[in-house]
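Order of the sequence lines sets the chain letters (A, B, ...), proteins ahead of strands, with each chain counted from 1. This is a predicted model, so every value here is computed, not measured.
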Amino acid sequence: MFEGPIQDLIDELSRLPGIGPKSAQRLAFYIVKAPAEDARRLSEALVAAKDKVRFCTECFAVSEGDRCRICRDPGRDPTVICVVEESKDQAAIEKAGVIKGRYHVLGGAISPLEGIGPDDLRVQELLDRVQRDGVQEVILATNPNLEGNATAMFVAALLRPSGVRVTRLASGLPVGGDLEYADEVTLGQALEGRREM
Amino acid sequence: MQLVWLEARDFRNYREVRVELGAGLTAVAGANGQGKTNLLEAMYYLCSLVSPRVSSDLPLVRAGADVAILRGEVATSGSRLLIEVEIRASGQNRVQVNRSSVRRKRDLRRQARAVFSSPDDLAIVLGDPGERRRFMDEAFVANWPAKDGAAPAYERTLRQRNRLLKDWEGQVGSGGPPGLEGWDAELITNGVALTELRAEAVERIRERAASEFEALAGPGGGTLLVAYQASVSGDPLADAFAAALDSRRADELIRRTTLVGPHRDDLGLVVQDLAARGFASHGEAWGAAVALKLALAGALANEIGQDPMLFLDDPFSGLDPARRERLAGGLAERGQVIMSVPDLAQVPPGAAVLGVEGGSVAQE
């Protein structure tokens, strides 16, 4: 335990996800030792992020303005929507550059244990977009875990009456990986999803 | 498979101990409370990274110490494994095999195979169905360590689905909570996987357990029948599961919990034509419990082509002298067996002896 402001800083930092007490302490001492200018920039960035970051009114990804960069881009195909759980998933897919369409950020996955139900996700907004924009295909890119699968299943069932094509990301082996290091569940799924050559 | 030597530091009541073990039968002898079970526990932990007695690692670290250390060498038919485990009172344990670290428990478990029988196993025979489900899960994980995720995956799906049903505020006639279909599908996928694994594991144990029990009980001593009583059965199983969920849907919405699935499985144990749970004597029940574990070891030997290490904690308690003798007689052909006995007089002939007293071991 330290005294005063340094301990307050450690306490605040250790509340962040993925930061334990030891990391928090290291970060806090780094900030205290760093030039005053660096610390000020960090604090301003924190405040600005909290004040200015908004969510796109269309797809609910983090955005600087009303609508995000992707939804504003006329070059993106509005008839394909890729559904993800969080903005960070969108960023990951965007980095791959494989989706020519737009996104829809649900804001999480259905998890009754954490008290997250369908009403807490932006599902109705997705249905509205599909109706309104003449969407042809919805790609469900929720995480390939229990909660992500259940969410995909739920969304797919709601989309079925609209007749839109609904697809789900495949699960399988990582590219550039070794078979011997793949875990058995992944290997099993990869085998199930094998393709004719 | 053979544990060749073991070193333990600050483990339970052991400050520092080293034992060498032979390939056959070893008896760990000593009075009550001297550390026989702790020594067997250390050996089993080294091979499986779980304690057969406690689910948390905290009690394993000697009071006053921060870290317990187990080291040992296991010889299998193909290789030698130097296993080193640091058990911390709080925080992540460290495990190394042949000096390189092991990320997942199953990476060690599929190389070092062991079966542990303890007096607590009596609960498999006499306790709630949950104890028998745990045994079935232990049995398939022992056989196929790669499948150790099956039971936790099902458990988590079940908890999610139950919470959904419990928190639902709608009326029974209105069709159920939104999102239930998604959890139905997950429950079926994970439930089918678990049911099939249990069925296969019981199939491999069933006849072996019957003959182990007979060998133990002797002529006229009765029989042990083992049968998997699955909550869902049918072919294909997934369709049967879906149909069963469908038919219990209304009930589930009223009772607000999942009524179909392997969390309602049981393992039928019948001794002398009567259900073991209600009718077996203490000796019979213990005989059945030992027979199940010996059968598991037999199934494992068949699966991997060599005998697993077998740990028997106080196997003679509750057995009459004739049964003791029959059990001891069969232990010579089971590969490496390490057993504990409270009395030197009970040491089977031909066994090596480790004398345990107050946390130290005398090799004789």
Peer 1: Would one find more than 12 heavy atoms of other residues, nucleotides or ligands at under 6.0 Å from atom CD of B:Gln306?
Peer 2: yes
Peer 1: B:Ala185 and A:Met153: which non-hydrogen atoms are nearest, and at how many Å?
Peer 2: CB-CE, 3.2 Å
Peer 1: If you define the side chain from C-beta out and look only at heavy atoms, does anything of B:Arg161 sit under 4.5 Å from A:Pro112?
Peer 2: no
Peer 1: Does B:Arg156 form a side-chain contact (heavy atoms from CB on, under 4.5 Å) with A:Glu147? I'd like the steps, not just the answer.
Peer 2: CA-CA 10 Å; B:Arg156 181 159 175 87; A:Glu147 291 75 18; 2.8 Å; yes
Peer 1: Of all of A:Leu113, A:Val155, A:Asn145, A:Asp119, which one pairs up most often with chain B through heavy atoms under 4.5 Å apart?
Peer 2: A:Leu113
Peer 1: Count the heavy-atom pairs under 4.5 Å between each of B:Arg159, B:Arg104, B:Glu181 and chain A, then report the option with the highest count.
Peer 2: B:Arg159
Peer 1: Should we count CZ of A:Arg132 as having more than 12 external heavy atoms under 6.0 Å?
Peer 2: yes
Peer 1: Pick one of side chain, backbone, both or neither for B:Ala153, based on which atoms fall under 4.5 Å of a heavy atom in chain A.
Peer 2: backbone
Peer 1: Show the nearest heavy-atom pair for residues A:Pro118 and B:Pro178, with the distance to one decimal.
Peer 2: CG-O, 3.7 Å
Peer 1: Are more than 12 heavy atoms from other residues, nucleotides or ligands located less than 6.0 Å from atom CD of A:Gln131?
Peer 2: no
Peer 1: Would you indicate whether B:Arg110, at its atom CZ, is surrounded by more than 12 heavy atoms from other residues, nucleotides or ligands within a distance under 6.0 Å?
Peer 2: yes
Peer 1: How long is the straight-line distance from CH2 of B:Trp183 back to OG1 of A:Thr151, given to the nearest 0.5 Å?
Peer 2: 6.5 Å
Peer 1: Which residue out of B:Thr157, B:Asp167, B:Thr189 racks up the most heavy-atom pairs below 4.5 Å with chain A?
Peer 2: B:Thr157
Peer 1: Would you indicate whether A:Phe29, at its atom CZ, is surrounded by more than 12 heavy atoms from other residues, nucleotides or ligands within a distance under 6.0 Å?
Peer 2: yes
Peer 1: Quick one: do B:Asn190 and A:Leu146 satisfy side-chain contact (heavy atoms from CB on, under 4.5 Å)? Show the steps, please.
Peer 2: CA-CA 10 Å; B:Asn190 292 308; A:Leu146 211 61; 3.5 Å; yes
